[in-house]
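Just below is one structure, and these are the notes that go with it.
This chain uses plain numbering: 1 for the first residue, then up along the sequence.
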Amino acid sequence: MTGPAAQSPSPAAGRHLILFDGVCGLCSRLVQFLLAHDRRAAFRFASLQSAIGQATVTRSGGNPLDLDSFYLVADFGTPEARALTRSDAALFVASELGWPWKAMQAARVVPKALRDRMYDFVARHRYRVFGRYDECQLPDQQFRSRFVE
């Protein structure tokens, strides 16, 4: 990942970038959960609708108009940066949170194709179940430095 969007984050600002659908109720709840449980502040956040979200998805070979996936850029802003999507991204996030969330790594025994189909099922129905906002929700002031614009 190179270019202006792939800035080197400060150690306090997080090593990994999570791209999420900013108008999705489930995604917003997930971000709030991560802000509360990410004790090491390993994650930074940007919406898929943002300029950095669109550019990052495009660089990783995805469709920037497809908001049904969740992207994680591990080691964001370094030469080792790599994009993960869907169930791989979710499992990576769980592993970085530590125990008890790290136990979700047991799901890796399930073939990736099946894990991703389950992920896609939830993604298809998330607006109906969790709602949709008219615009991206603003983070609390204490967490604003963790969001990339």
Side-chain angles (χ1 to χ4, degrees), residues 1-11 13-35 37-38 40-98 101-102 104-139 143-149:
M1 308 247 127
T2 60
Q7 307 161 24
S8 183
S10 69
R15 295 187 331 252
H16 313 298
L17 178 65
I18 292 176
L19 301 175
F20 65 96
D21 179 352
V23 298
C24 168
L26 173 61
C27 301
S28 292
R29 288 182 183 104
L30 172 67
V31 168
Q32 294 306 310
F33 174 85
L34 291 174
L35 288 169
H37 291 88
D38 180 15
R40 295 180 303 125
F43 299 108
R44 295 177 77 185
F45 305 91
S47 74
L48 285 164
Q49 293 90 341
S50 70
I52 192 169
Q54 298 275 302
T56 302
V57 169
T58 299
R59 272 196 311 276
S60 67
N63 178 355
L65 301 177
D66 178 12
L67 301 178
D68 285 345
S69 194
F70 143 67
Y71 287 80
L72 175 121
V73 181
D75 301 314
F76 176 68
T78 70
E80 294 80 31
R82 65 196 184 285
L84 303 171
T85 61
R86 299 162 56 194
S87 67
D88 284 342
L91 291 174
F92 182 94
V93 168
S95 73
E96 287 291 307
L97 288 178
W101 317 110
K102 192 172 193 151
M104 289 180 61
Q105 291 302 303
R108 290 211 183 269
V109 301
V110 176
K112 179 178 170 33
L114 182 56
R115 288 191 331 253
D116 283 347
R117 284 197 5 217
M118 290 186 292
Y119 178 94
D120 291 342
F121 177 81
V122 171
R124 248 189 328 276
H125 300 285
R126 72 190 190 280
Y127 291 147
R128 190 171 337 136
V129 175
F130 295 97
R132 180 182 178 138
Y133 299 109
D134 292 331
E135 56 188 41
C136 294
Q137 302 297 296
L138 291 175
F143 297 118
R144 292 228 171 118
S145 66
R146 306 256 318 263
F147 286 76
V148 179
E149 298 191 28

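- For the pair T56 (side chain) and I52 (backbone), a donor-acceptor distance under 3.5 Å is present.
- In plain terms, the two heavy atoms of S69 and R86 that are nearest each other are OG-CG, 3.2 Å.
- Nearest heavy atoms, D75 versus H16: N-ND1, 3.0 Å.
- We find the CG-CE distance between L97 and M104 to be 9.5 Å, quoted to the nearest 0.5 Å.
- Under a 3.5 Å cut-off, the side chain of R146 and the backbone N or O of F143 do not form any donor-acceptor pair.
- The shortest heavy-atom contact between V148 and L17 is CG2-CD1, 3.9 Å.
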Mind running side chain to side chain contact (heavy atoms under 4.5 Å, CB included) on L30 and F20 for me, showing each step along the way?
CA-CA 9 Å; L30 172 67; F20 65 96; over 6 Å; no

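- Separation of atoms CZ (F33) and CG (D38) is listed at 10.0 Å; rounding is to 0.5 Å.
- For D88 and R108, the salt-bridge test passes: some basic side-chain N is under 4.0 Å from an acidic carboxylate O.
- Contact between K112 and S87 at its shortest, heavy atoms only, is O-OG, 4.4 Å.
- Within the 4.5 Å cutoff, no side-chain heavy atoms of V57 are placed close to those of N63.
- No option in L48, D21, I18 other than D21 meets the side-chain contact (heavy atoms from CB on, under 4.5 Å) test with C27.
- To the nearest 0.5 Å, the span separating CD on Q105 from NZ on K102 amounts to 7.5 Å.
- Closest heavy-atom contact between M118 and V110: CE-CG1, 4.3 Å.
- Between Y119 and F70, the angle of the ring planes stays under 30°, which puts this pair in the parallel group of the 30/60° scheme.
- Classification of E96 and R40 as a salt-bridged pair holds, one side-chain N sitting under 4.0 Å from a carboxylate O.
- Of all non-hydrogen atoms in A81 and F76, the two that sit nearest each other are CB-CA, 4.4 Å.
- Taking a cutoff of 4.0 Å between a charged side-chain nitrogen and a carboxylate oxygen, D120 and R124 do not qualify as a salt bridge.
- Between L72 and V93, some side-chain heavy-atom pair lies under the 4.5 Å cut-off.
- For F45 and F147, the gap between ring centers is short of 6.0 Å.
- Atom CG of L35 is separated from atom NE2 of H37 by 11.0 Å, given to the nearest 0.5 angstrom.
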